[in-house]
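Working notes, beginning with the structure itself.
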Amino acid sequence: PPPQAAPAILVRAPPRVRRLARQLGVDLARVRGTGPRGAITEDDVRRAAAMLATAPKPEA
Amino acid sequence: MERFDLVVVGGGPGGYPAAVRAAQEGLNVALVEMDSLGGECTNYGCIPTKALLHPAGLVASLARLKFVKGSVDVDFKGLMEWVDSVVKGVSNGVSTLLKGYGVEVVKGRAKIRPGVVEVDGSGSIGYSKLVLALGTSPASIPGLEPDGEVVHNNRTILGLRRKPGRMLIVGGGYIGVEYATAMARLGVEVTIVELLDRLLPNMQRDFSRVVERRLRAEGVKIHTKSKVEAVERRERYAVVEVSGVGKMEYDAILVAVGRRPNTGDVGLEKLGVKLDKAGYIQVDGATLETGVPGVYASGDVTGPPLLAHRAFLQAVVAAERAAGDSSAAFDAKAVPAVVYTDPELATVGLTLEEARAAGVDAAETRLPLASLPRVGAIEGCRECFAKVVYDRSSRAILGFHVAAPHASEIIAEAALAIEMGATLEDLALTIHPHPSVSEALKEVAELALERPIHYILRRGGARR
Amino acid sequence: MERFDLVVVGGGPGGYPAAVRAAQEGLNVALVEMDSLGGECTNYGCIPTKALLHPAGLVASLARLKFVKGSVDVDFKGLMEWVDSVVKGVSNGVSTLLKGYGVEVVKGRAKIRPGVVEVDGSGSIGYSKLVLALGTSPASIPGLEPDGEVVHNNRTILGLRRKPGRMLIVGGGYIGVEYATAMARLGVEVTIVELLDRLLPNMQRDFSRVVERRLRAEGVKIHTKSKVEAVERRERYAVVEVSGVGKMEYDAILVAVGRRPNTGDVGLEKLGVKLDKAGYIQVDGATLETGVPGVYASGDVTGPPLLAHRAFLQAVVAAERAAGDSSAAFDAKAVPAVVYTDPELATVGLTLEEARAAGVDAAETRLPLASLPRVGAIEGCRECFAKVVYDRSSRAILGFHVAAPHASEIIAEAALAIEMGATLEDLALTIHPHPSVSEALKEVAELALERPIHYILRRGGARR
Ligand SMILES: Cc1cc2nc3c(=O)[nH]c(=O)nc-3n(C[C@H](O)[C@H](O)[C@H](O)COP(=O)(O)OP(=O)(O)OC[C@H]3O[C@@H](n4cnc5c(N)ncnc54)[C@H](O)[C@@H]3O)c2cc1C
Ligand SMILES: Cc1cc2nc3c(=O)[nH]c(=O)nc-3n(C[C@H](O)[C@H](O)[C@H](O)COP(=O)(O)OP(=O)(O)OC[C@H]3O[C@@H](n4cnc5c(N)ncnc54)[C@H](O)[C@@H]3O)c2cc1C
């Protein structure tokens, strides 16, 4: 199951990771961070993007 | 009619960086400015005030040292001319910069129609994309309109060449307290009148307290919950009645009571750009889009917080968007704000109240800084302090607030900490140079972790 | 004989934080110190030099402003007494701190046997664990032994009460140039003699260049590739022959030619603690273990870099290890170093050469800082600069090097950036307050990314 959305200010992702997430269309609030104390890394974002690409699209 | 890929209206911090960034991306850019390049910040704001505060601060720091004899005398006219030259230098720098990037600078007041900017006295230019960086102007009070002789706003005051004997500052916000700090140290008898119950009413209470105490110690008279009741203009002075104070003569009056967006009579309504009640342009905070395709706004004209460094980044984002980069966004978690009083006050991120209101299980740790050698023993600040606000579970830094010498310099590290998602441990384990004010970040983080090496830990806080 | 869980020998930055941290962990701690608490840093190093530099810097900054008239006169005796009081205040703070944590302070010189520390004049105390924080003493040159009247080291010079007319500084390292900066500004005619071909020979060449130019401009005579050939002591002065300069009279001579570890005659050999060739204690860099079970060393006695803030962290790690925390380690990637000249010089992390030697595909970007308003227009520094060293592929920050006012304050952000693994983008997208020196970090990162908003980008670098 996807992790619960965290309040935006608690999303711990550096500026470059946030930019990458925008480029790949990833919502950071739904990414589970694997860095120290749950920080979100570039790899986490890339993994989430790859999952988005393969996941079945929900019905519109 | 010449046509540009991008026209930027306004040459301040919200404007010129947009022109530069767009030119770097290969766009054909024009910038329209009706006054001096650099905007309010360079010409009437950030730069002249900090220039004024520089010698004033040196004089005050020296005066605090008992073994320094003799007396220095600041030639007021010379000082104001130097401030002028500093401003000109920075403004010329913006001009050189724009020329270097091939940006066409068009002088005059702009009015905007769809696809066309009409510039007073310079004809019309066409645009594909538009960045509105119109900024703000000083608000005024009926009866206290600036005359450039006795009654001033932040623009006309820079024309002062004779040192006022007695000066009234109307408005106790950051502009008012910065001017009070500078002028008092230059030997002017300063009075501040503030409507609300404290100076810096928009900031945290402990900041107000530090500033009020220091200004009073330097001879500034502070009247809160007061206002100007009546003004009689005379030849070279004015008689002003302040509630609870009575009538007094002042050689100069600075009105610093707020800002008004420059959005009137520019054609924005017809363009379809939406304004909020106060007249600021409504934008998407992340993309800086106004809702009208191809039209962006950046800087103070998008509403508070009115800060040059926020305008810089907004300008860059607007330019990148205009150049077609759909990943560009203003998503800063940390916008620092500084008041250049003595001690300097700086704040970034959330206060404890803001963090809790956002639903975070947050805590705050406060550290008095007098026992940091650089702050207490050397610079002599007894009332300086730092506070860190953090998330209890992850220990991520959410906010940092500091009153100290050079707070304007150390706040950037706190901004980086918040942007990077740094935790208390990260700050505590980063080596900070000794002796420095920046040690405050490490020490307050250690204290929050209950393992400070320079403070005696007691239940419920630190004491040394 | 009283027995302690932990005995710390040495009350400097490598010692007292170990005692505090161990006490916080519940250990029963004693600290042995034969001189004043606070060590070299508080009593003869960091604190008195930065105190001296504070008024000297204010005087020089004021003198640079043409509109400041009148003259200030620093009462030398009063200044030196103030420096003394600053030192005493900081040293007393350490005493209060140790008392607050219940650390037993034992006065006297320690000799060490297995399990026992014998303290001259205070009897013996037993220990389970030991932290050796013995520090260093000033090295001397034959013929130039300090006499406390004319020939001084960094300790005896603090006893000066009459301002020397002419002063010779032997050694152009950071202690020499800091004293030269302070003394020249107080009106002393200063000559520096340095054996190697430049001042600050251990630092980057562009730092040396900035400092040499500024010191020369302030009237300091600099003789590199020179040495003292002969000394004749007279009543209140000495006649010194310097190679290439000839004979000259000096009222005061400061010898600042290096440090010697305080590891002689303490019983270390018998204890089994290993020393390197220079006499420093060999430790595991991460755990601070000496190889003798339960015996740790921290601070300058473990060898270069000799820095108080490095000692602080080593002390904490040694204490945590002694208290049984096997996860504690000194693993800082970034140890900042500052020279408090004008402009201040600060460096952290790797230089380009070091990064390449470590096998990294690194690049460096250099930014002149004169066009930052705070640095150039307001503080008047024309030769200030910042350099960032980064990994080309990840763009991670590896090093930052800066010559600027308040470099000592802004270097901490660079240390945090390196510790956090921040990249050029992270620095460029973090909002830095305007106007400040800290903008240098953002601007140099933007330049490295080839999208500076305040510099004209040309092939192969920046120009404005
Ligand atoms: C006294 C004072 C001190 C300050 N100190 C600081 C500080 O230390 N740090 C900080 O961050 N901020 C400071 N500020 C705030 C800072 O000045 C602003 O945040 C900043 O100037 C905003 O930039 P901007 O480009 O959005 O607007 P502005 O700087 O106001 O620029 C707008 C420009 O647009 C031009 N313009 C407007 N309408 C038209 C038109 N129709 N046609 C042509 N040109 C037009 C104006 O002439 C102006 O040059 C200070 C402000 C004041 C008043
Ligand atoms: C002029 C000068 C300026 C400096 N400026 C700076 C600066 O600005 N920033 C910075 O980071 N560093 C600076 N340093 C370096 C800094 O002083 C050292 O890095 C720091 O003092 C090291 O701490 P320590 O505890 O390891 O050693 P020390 O401070 O040398 O302390 C060792 C202590 O152990 C005691 N001791 C030694 N042997 C015995 C014994 N057998 N029995 C009992 N007691 C003993 C000594 O009396 C001394 O108090 C400066 C140094 C000098 C000389």
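Because only heavy atoms are used, hydrogens play no part in the values below, and waters and symmetry mates are left out as well, while side chains stay in. All values reported here derive from a predicted model rather than from experimental measurement. All chains are named by letter (A, B, ...) in the order of the sequence lines, taking the proteins before the strands, and each is independently numbered beginning at 1.
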With chain B as the partner, which of [options] has the greatest number of non-hydrogen pairs under 4.5 Å?
{"options": "C:Val20, C:Ile431, C:Thr430", "value": "C:Ile431"}
{"options": "C:Ala51, C:Ser71, C:Gly100, C:Ala308", "value": "C:Ser71"}
{"options": "C:Lys69, C:Lys77, C:Lys99", "value": "C:Lys69"}
{"options": "C:Ala19, C:Ala412, C:Ala319", "value": "C:Ala412"}
{"options": "C:Lys66, C:Arg310, C:Glu379", "value": "C:Glu379"}
{"options": "C:Ala332, C:Gly57, C:Ser61, C:Gly70", "value": "C:Ser61"}

May I ask you to name which of [options] has the most heavy-atom pairs under 4.5 Å with chain C?
{"options": "B:Pro17, B:Gly78, B:Pro336, B:Pro433", "value": "B:Pro433"}
{"options": "B:Leu58, B:Val74, B:Val68", "value": "B:Leu58"}
{"options": "B:Ile410, B:Leu427, B:Leu62", "value": "B:Leu62"}
{"options": "B:Ala417, B:Ala377, B:Ala315, B:Ser85", "value": "B:Ala377"}

Under 4.5 Å from a heavy atom of chain B, the part of [X] involved:
{"X": "C:Leu65", "result": "side chain"}
{"X": "C:Val338", "result": "side chain"}
{"X": "C:His432", "result": "both"}
{"X": "C:Leu429", "result": "both"}
{"X": "C:Glu81", "result": "neither"}
{"X": "C:Arg451", "result": "both"}
{"X": "C:Phe76", "result": "neither"}

Under 4.5 Å heavy-atom distance to chain C, tell me which part of B:Leu416 shows up: side chain, backbone, both or neither.
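Interface part for B:Leu416: both.
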Is B:Leu79 close to chain C through its backbone or its side chain, or both, or neither, when contacts mean heavy atoms under 4.5 Å?
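Both backbone and side chain.
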Any chance you could measure B:Ser438, atom OG, to C:His406, atom NE2, to the nearest 0.5 Å?
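Going from the OG atom of B:Ser438 to the NE2 atom of C:His406 covers 13.0 Å.
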Quick one: pull up OG in C:Ser408 and CZ in B:Arg374 and give me the separation to the nearest 0.5 Å.
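So the gap between those two atoms works out to 5.5 Å.
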What pair of heavy atoms forms the shortest contact from B:Cys46 to C:Pro435, and how long is it?
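Shortest heavy-atom separation between B:Cys46 and C:Pro435 comes out as CB-CD, 4.1 Å.
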Quick one: side chain to side chain contact (heavy atoms under 4.5 Å, CB included) partners of C:Ala334, sequence neighbours excluded?
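Counting only residues at least two positions away or on another chain, C:Ala334 forms a side chain to side chain contact (heavy atoms under 4.5 Å, CB included) with C:Val348, C:Ala415, C:Ile418, C:Glu419.
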Please identify each residue that fulfils side chain to side chain contact (heavy atoms under 4.5 Å, CB included) with C:Pro373, with sequence neighbours left out.
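Listed in chain order: B:Ile47, B:Val90, C:His434.
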Given 3.5 Å as the limit, does a donor-acceptor pair link the side chain of [X] with the main chain of [Y], or not?
{"X": "B:Tyr101", "Y": "C:Leu457", "result": "yes"}
{"X": "C:Gln24", "Y": "B:Pro452", "result": "yes"}
{"X": "C:Glu409", "Y": "B:Val437", "result": "yes"}

Relative to each other, are the rings of C:Tyr16 and B:His454 parallel, tilted or perpendicular (30° and 60° limits)?
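Ring orientation of C:Tyr16 relative to B:His454: perpendicular.
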